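Contents: one structure, followed by commentary.
This structure is a prediction, so every number in the text was calculated from the model and none was measured. Excluded from the calculations below are hydrogen atoms, water molecules and symmetry mates; all remaining heavy atoms, backbone and side chain alike, are included. This chain uses plain numbering: 1 for the first residue, then up along the sequence.
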Amino acid sequence: MTGIYLHIPFCKQACSYCDFYFVTRTGQKAGFVRSLTEEIARAAEKSIDKQVNTIYFGGGTPSLLAADEVNGIMSCLRRHYDLSGLQEVTFEMNPDDVNAGYLAELAGAGITRVSMGVQTFDAERLRFMNRAHSRQEAIQSLELLGLSPLRSYNVDLIYGNPGQTVGDLAADVEVLMQYDPPHLSAYALTIEPRTRLGMLSKKGILKAADDDMVAQHMDYLSHMLASRNTLRYEVSNYAKPGQEARHNSGYWNHADYIGFGPAAHSFVWDKATRKARRWKNTASLKSYMADKNKTDQNSVEHLGLDHLAEERLMMGLRTREGVLPDQLKHTYEYSLSETQLQYLNRICAEGYMTMDQALKLTPKGLKLADTIILTLLQ
């Protein structure tokens, strides 16, 4: 096993853009933590390989857990899994939950890295996103992180908002660069159907930013961050050398991971059959806490090498390392077709990709990554 993901489903309120599973009934935290630790213990009984390299507390809002609840979950993991080779333990936080004492307690519980959802410093845009924190709380949280024992941290930004100009984004980045974070995740706003923004879009009240503006935002971020030695290593992720997120890199490299908590996903290779299995837990806190069988049986997928090879192409081409054709051949028994090679040669000539030892999208190609990957697989 490489990674463990823990889905903490509690939120203070619904962000207007988010379609992850969450609940606002925080009074159920104690019962949830009991169910989570029970699930961890039962899964460990069935696991042959118990060595864990990375742990990720996601959600939801993990920082709504008390420090003793986080410590209890980490203690449970230590009892049931081998954490001797642990490289990274990431904990998602919202700025309004950050204080010096809590950060110190998290470090004492074994957290090594924080991921904080700032999204923007603009007060009006924070209201548009229905975020629970203020501009001042975001700034104060960055100051506290710089003074805390948790020196490895990530900050989330969202760009490509309706009406947002490059100048607006530059104002956000200017504030953020005063704290020079070691890692930044920057996501173009996606309007998901089951969100408040999705409903406004369906009614014609909200119009998404046009693709040209989103591309300008992406260019600005890449150039500005590169000037601060914070380099893009995946379409949406930038880091100073050595500060890349190890847990998320496992996803992109098709490493095994187990998800605990409602709506958490898992992915495990069977080395004997050279097939993989993917599944997710039930997306209901009530069912999760009541039923010992946490898996949503309708979600279970059995994946053959052809499907896995296409996934590897999709994920790998979004990263700085790209994809090695030799790895596709030896690990997935997959070779590019003549038609695919013709397409790749054409986009190489147009400056969207390079093909030396690895297939890699150029900065120009990364702006069209989804379109290029979809065309390649079709």
Task: salt_bridge(R131, D96) N-O dist < 4.0 Å - done: no

Task: No-hydrogen, no-angle side-chain donor-acceptor test under 3.5 Å, N253 and E321 - done: no

Open item on the list: Quick check for you: to the nearest 0.5 Å, what is the distance between L317 atom CG and E234 atom CD?
Closed with: 11.5 Å

Open item on the list: Working note: D97 + K12, criterion salt bridge (Lys or Arg N to Asp or Glu O under 4.0 Å); need CA distance, chi angles, decisive distance, verdict.
Closed with: CA-CA 11 Å; D97 297 323; K12 292 178 182 176; 3.1 Å; yes

Open item on the list: To the nearest 0.5 Å, what is the distance between CE on M93 and CZ on F57?
Closed with: 12.5 Å

- [ ] Please determine, by modelled atom types, if N130 and S16 share a side-chain donor-acceptor pair under 3.5 angstrom.
- [x] no

Task: F128: hydrophobic cluster co-members (side-chain, 4.5 Å) - done: Y17, M129, I158, L189, I191, L197, L200, I205, L206

Task: Distance-only polar pair, side chains of D168 and T165, donor-acceptor under 3.5 Å - done: yes

Open item on the list: Can a side-chain donor-acceptor contact be found between T195 and D19 if the only test is distance below 3.5 angstrom?
Closed with: no

Open item on the list: Can you tell me how far apart CD (Q327) and OH (Y332) are? Round to the nearest 0.5 Å.
Closed with: 5.0 Å

TODO: Using the test salt bridge (Lys or Arg N to Asp or Glu O under 4.0 Å), find all partners of E137 that sit at least two apart in sequence or belong to another chain.
DONE: none

- [ ] Find the distance between CG (L103) and CZ (F91) and round it off to the nearest 0.5 Å.
- [x] 10.0 Å

TODO: Test H183 against every option in Y153, Y233, Y238 by the side chain to side chain donor-acceptor pair (under 3.5 Å) rule and name the one that passes.
DONE: Y233

Task: Contact check, side chains of D156 and S185, non-hydrogen atoms, under 4.5 Å - done: yes

- [ ] Take F267 and H254 through the ring-ring contact (aromatic ring centres under 6.0 Å, His included) test and state the conclusion after the steps.
- [x] CA-CA 8 Å; F267 173 85; H254 250 169; 5.0 Å; yes

TODO: Look up atom CG in L36 and atom CD1 in I8, then write down how far apart they are to the nearest 0.5 Å.
DONE: 5.5 Å

